[in-house]
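The chain is numbered in sequence order, starting from 1. Worth saying up front: this structure is predicted, and the values here are computed from it rather than measured.
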Amino acid sequence: MMFTPKDWLDRLFQIGIIVKGLNGLAELVGGLLLLFATPGSIRHLVVVLTQGELSEDPDDIVARYLLHTANGLTGSAVVFGAVYLLLHGAVKVVLVIALLLNKLWAYPCMIVVLLIFIGYQLYRIALNPSAGLIALTVFDALIVLLTWREYRRQRRMPEGPASHTSGSPKVVER
């Protein structure tokens with residue numbers, strides 16, 4: 001049985017995990033692309049993408065950062081990035097699908113995975129704060145809270161088809 005939102009917090013939870021799933025899919029695609037990329041092809045792509053911006057503003061911080069990062073890439077860094085994105089994306093996609101299918105085991109797994117991500121993100125924020133990373137960390141914390149709330153609700157629901165009212169989410173697996 002699919003997850004069915006009962007109130008606006010359930011809807012927010014559903015939207016949040018779908019966004020996480022879409023992010024996971026993007027990471028899978030990015031990881032697959034990196035598997036076939038060489039550091040030279042990535043540098044060339046970054047040069048092409050930043051050329052116009054740098055011709056207008058040679059001091060553009062983002063474009064210069066991208067160029068600096070691309071110039072520092074090695075073959076092992078690209079492979080690491082590909083593996084990281086593939087694993088990271090696969091974990092997110094599997095957990096999101098399981099949550100949408102109301103698999104009870106997925107709720108604590110999602111919470112643990114997101115708390116690990118949050119811990120790493122806080123470490124990165126301490127080293128080099130950025131608005132994007134701070135926003136991602138706040139979003140992940142919100143998803144943890146909503147997942148915890150939904151997990152507690154799912155655990156309280158009695159099992160068996162006769163004990164469910166229509167329209168309420170059913171626990172498929174305990």
request  = For residues 4-32, pull every pair meeting ring-ring contact (aromatic ring centres under 6.0 Å, His included), keeping only residues two or more places apart or in separate chains.
outcome  = Phe3-Phe13
task = Taking the side chain as every heavy atom from C-beta outward, state whether Leu34 and Ile42 have any pair of such atoms under 4.5 Å apart.
result = yes
Side-chain polar contacts of residues 76-86 - donor-acceptor pairs under 3.5 angstrom, sequence neighbours left out - could you list them?
| from | atom 1 | to | atom 2 | distance (Å) |
| --- | --- | --- | --- | --- |
| Ser76 | OG | Thr74 | OG1 | 3.2 |

ask   = In this structure, which one of Arg11, Glu150, Arg153 forms a side chain to side chain contact (heavy atoms under 4.5 Å, CB included) with Lys6?
value = Arg153
request  = Assess whether atom CD1 of Ile61 is packed by more than 12 heavy atoms of other residues, nucleotides or ligands within 6.0 Å.
outcome  = no
task = Before giving the answer on side chain to side chain contact (heavy atoms under 4.5 Å, CB included), spell out for Leu114 and Lys20 the whole-Å C-alpha distance, their side-chain angles and the decisive distance to 0.1 Å.
result = CA-CA 10 Å; Leu114 287 177; Lys20 279 287 173 202; 3.9 Å; yes
side-chain contact (heavy atoms from CB on, under 4.5 Å) involving Thr38 - partner list, sequence neighbours excluded = Ser41
Residue list, side-chain contact (heavy atoms from CB on, under 4.5 Å) with Leu49, at least two apart or on another chain = Leu45
key: side-chain contact (heavy atoms from CB on, under 4.5 Å) against Leu145, all qualifying residues, sequence neighbours excluded   = none
Only distances under 3.5 Å count here; give the side-chain donor-acceptor pairs of residues 115-123 to other protein atoms, sequence neighbours excluded, each with its distance to 0.1 Å.
| from | atom 1 | to | atom 2 | distance (Å) |
| --- | --- | --- | --- | --- |
| Tyr120 | OH | Arg124 | NH1 | 3.3 |
| Gln121 | NE2 | Thr137 | OG1 | 3.0 |
| Gln121 | NE2 | Asp140 | OD2 | 3.3 |

message = With side-chain hydrogen bond (donor to acceptor under 3.5 Å, both in side chains) as the rule and sequence neighbours excluded, what pairs involving residues 24-36 come up?
response = Glu27-His88, Glu27-Lys92
query = Are Val113 and Val19 connected in the hydrophobic side-chain network, where two residues link if heavy atoms are under 4.5 Å apart?
reply = yes
For residues 64-72, which side-chain N or O atoms pair as donor and acceptor with protein atoms under 3.5 Å away, sequence neighbours left out?
| from | atom 1 | to | atom 2 | distance (Å) |
| --- | --- | --- | --- | --- |
| Thr69 | OG1 | Tyr65 | O | 2.9 |
| Asn71 | ND2 | Leu67 | O | 3.1 |

query = Of all heavy-atom pairs between Pro39 and Gly75, which one has the smallest distance, and what is that distance?
reply = CG-N, 3.5 Å
task = Would you kindly confirm whether Ile111 and Leu12 end up in one hydrophobic cluster when ILVMFWY residues are joined by side chain heavy atoms under 4.5 Å apart?
result = yes
query = Linking I/L/V/M/F/W/Y whenever any side-chain heavy atoms sit under 4.5 Å apart, do Leu9 and Trp148 land together?
reply = yes
Distance-minimising heavy-atom pair for Pro108 and Tyr151 = CD-CE1, 3.6 Å
remark   = So CD1 of Ile17 and CG of Leu95: to nearest 0.5 Å the spacing works out to 10.0 Å
query = Can you list the residues that meet the side-chain hydrogen bond (donor to acceptor under 3.5 Å, both in side chains) rule with Tyr107, with sequence neighbours excluded?
reply = Asn102
remark   = Here the salt bridge (Lys or Arg N to Asp or Glu O under 4.0 Å) pairs for residues 31-53, sequence neighbours left out, are none
inquiry  = Are Leu25 and Phe36 connected into the same hydrophobic cluster when the rule is that any two of I, L, V, M, F, W, Y join if their side-chain heavy atoms are below 4.5 Å apart?
reply    = yes
inquiry  = Starting from Leu33 and following side-chain heavy-atom contacts under 4.5 Å between hydrophobic residues (I, L, V, M, F, W, Y), which residues can be reached?
reply    = Val29
ask   = Could you give the distance from CD1 (Ile143) to CE (Met110), rounded to the nearest 0.5 Å?
value = 8.0 Å
query = Given the rule that I, L, V, M, F, W and Y join up when any side-chain heavy atoms are under 4.5 Å apart, are Ile18 and Met2 in one cluster?
reply = yes
inquiry  = Holding to salt bridge (charged side-chain N to carboxylate O under 4.0 Å, His left out), I want the full list of residues that pass it with Asp59, two or more places apart in sequence or in another chain.
reply    = none
